[in-house]
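Data first, discussion second: the structure below is written as structure tokens.
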2 protein chains.
Amino acid sequence: MRELFHPSIEQLSLSALLNALGDPIRLQIIKNLAISGETTCACCNIDLTKSALSHHFKVLRESGLINVRIDGKQRFLSIRYDDLKERFPGLLEAVIHNL
Amino acid sequence: MRELFHPSIEQLSLSALLNALGDPIRLQIIKNLAISGETTCACCNIDLTKSALSHHFKVLRESGLINVRIDGKQRFLSIRYDDLKERFPGLLEAVIHNL
DNA sequence: TAAATAGTTCAATACTATTTGAACTATCGA
DNA sequence: TCGATAGTTCAAATAGTATTGAACTATTTA
């Protein structure tokens, strides 16, 4: 695996984003990323197997909420603030503000 | 059935709200309510059986997104703007603005 | 009181999501 | 190159959600 799929700004869907956010574990991941900035998958402090975490990262990535940057043997996760702000202004700000 | 359960402001949960919103049909219902104001269940213009619609109304009501007021043989649905604004300021505004 | 109206509930089915552990890929360091 | 590290993918199990039609409740109107 070299490149990971990330939806373009035009491909973002409101219901897919809300659906991805509507899970307590994924919301916790977003909260951690909002606090810590870019981090690796392992830095999420969530008590789940790594394959279950990988599943949630995939849902977040494919919905457009996060960017996954591959660097060596690690993947760095970050919230796609600018893209989300452009497509759905105010939405992510409101969610994060209410975490 | 005389009284319907509606969660109090303190009982509202962000992930339950986002989960309720993260479904295209329920988002369409919210859109219709945002445009039309209070309406009956039958006024949703959604091509689903009435039992399926009833299910979605229940999810929206139990998550705290809508209020259901019984009046005679009809139920009038409306968005709980004020309660949501108090508990999660900016959230619903952002969603509705991006519908 | 009988029929119509508005919606809920139930049981069954189908579909979708979550979780786990094992096997896998890719990269880095010794 | 060997082993460790970081994470993905797969198959299988489980759990949860959505949909339908039929039966039901409550209310209104004739």
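All chains are named by letter (A, B, ...) in the order of the sequence lines, taking the proteins before the strands, and each is independently numbered beginning at 1.
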Heavy-atom donor-acceptor pair, Arg75(B) side chain to Val68(B) backbone, under 3.5 Å: no
Output the distance between atom CG (Leu99(B)) and atom CG (Leu14(A)), rounded to the nearest 0.5 Å. 6.0 Å
Which heavy atom of Ile79(A) sits nearest to which heavy atom of Ala34(A), and what is that distance? CD1-N, 3.7 Å
Review item, nucleotides 10-17 of chain D N/O atoms under 3.5 Å of protein N/O:
none

Report yes or no: does Asp23(B) contribute a side-chain atom to a donor-acceptor pair with the main-chain N or O of Asn19(A) at less than 3.5 Å? no
Arg75(A) CZ to dT5(D) C1', straight-line distance once rounded to whole Å: 12 Å
Among dG7(C), dG7(D), dT19(D), the nucleotide that comes nearest once only the side chain of Ile25(B) is considered: dT19(D)
Nearest whole Å is fine: how far is dA6(D) P from Phe57(A) CZ? 13 Å
Rounded to whole angstroms, how far apart are CG on Leu4(B) and P on dG7(C)? 12 Å
Could you check Asp71(A) against Val59(A) and say which one's nearest nucleotide on DNA chain C is further toward the 5' end? Val59(A)
Of the listed nucleotides (dT9(C), dT9(D), dC28(C)), which one gets closest to any side-chain atom of Lys58(B)? dT9(C)
From the options dC28(C), dA23(D), dT9(C), select the nucleotide whose nearest atom is closest to the side chain of Lys50(B). dA23(D)
OP1 or OP2 of dT20(D) versus the side-chain N and O atoms of Thr49(B): is any pair under 4.0 Å? yes
Please check if the side chain of Ser63(B) supplies one atom and the backbone of Leu60(B) the other of a donor-acceptor pair under 3.5 Å. yes
Output the single nucleotide from dG7(D), dA6(C), dA18(D) whose closest atom is nearest the side chain of His56(B). dA18(D)
Apply side chain to side chain contact (heavy atoms under 4.5 Å, CB included) to the pair Leu21(A) and Leu21(B), showing each step before the final yes or no. CA-CA 10 Å; Leu21(A) 289 166; Leu21(B) 288 167; over 6 Å; no
Could you check how far NZ of Lys73(B) sits from P of dG7(C), rounded to whole Å? 10 Å
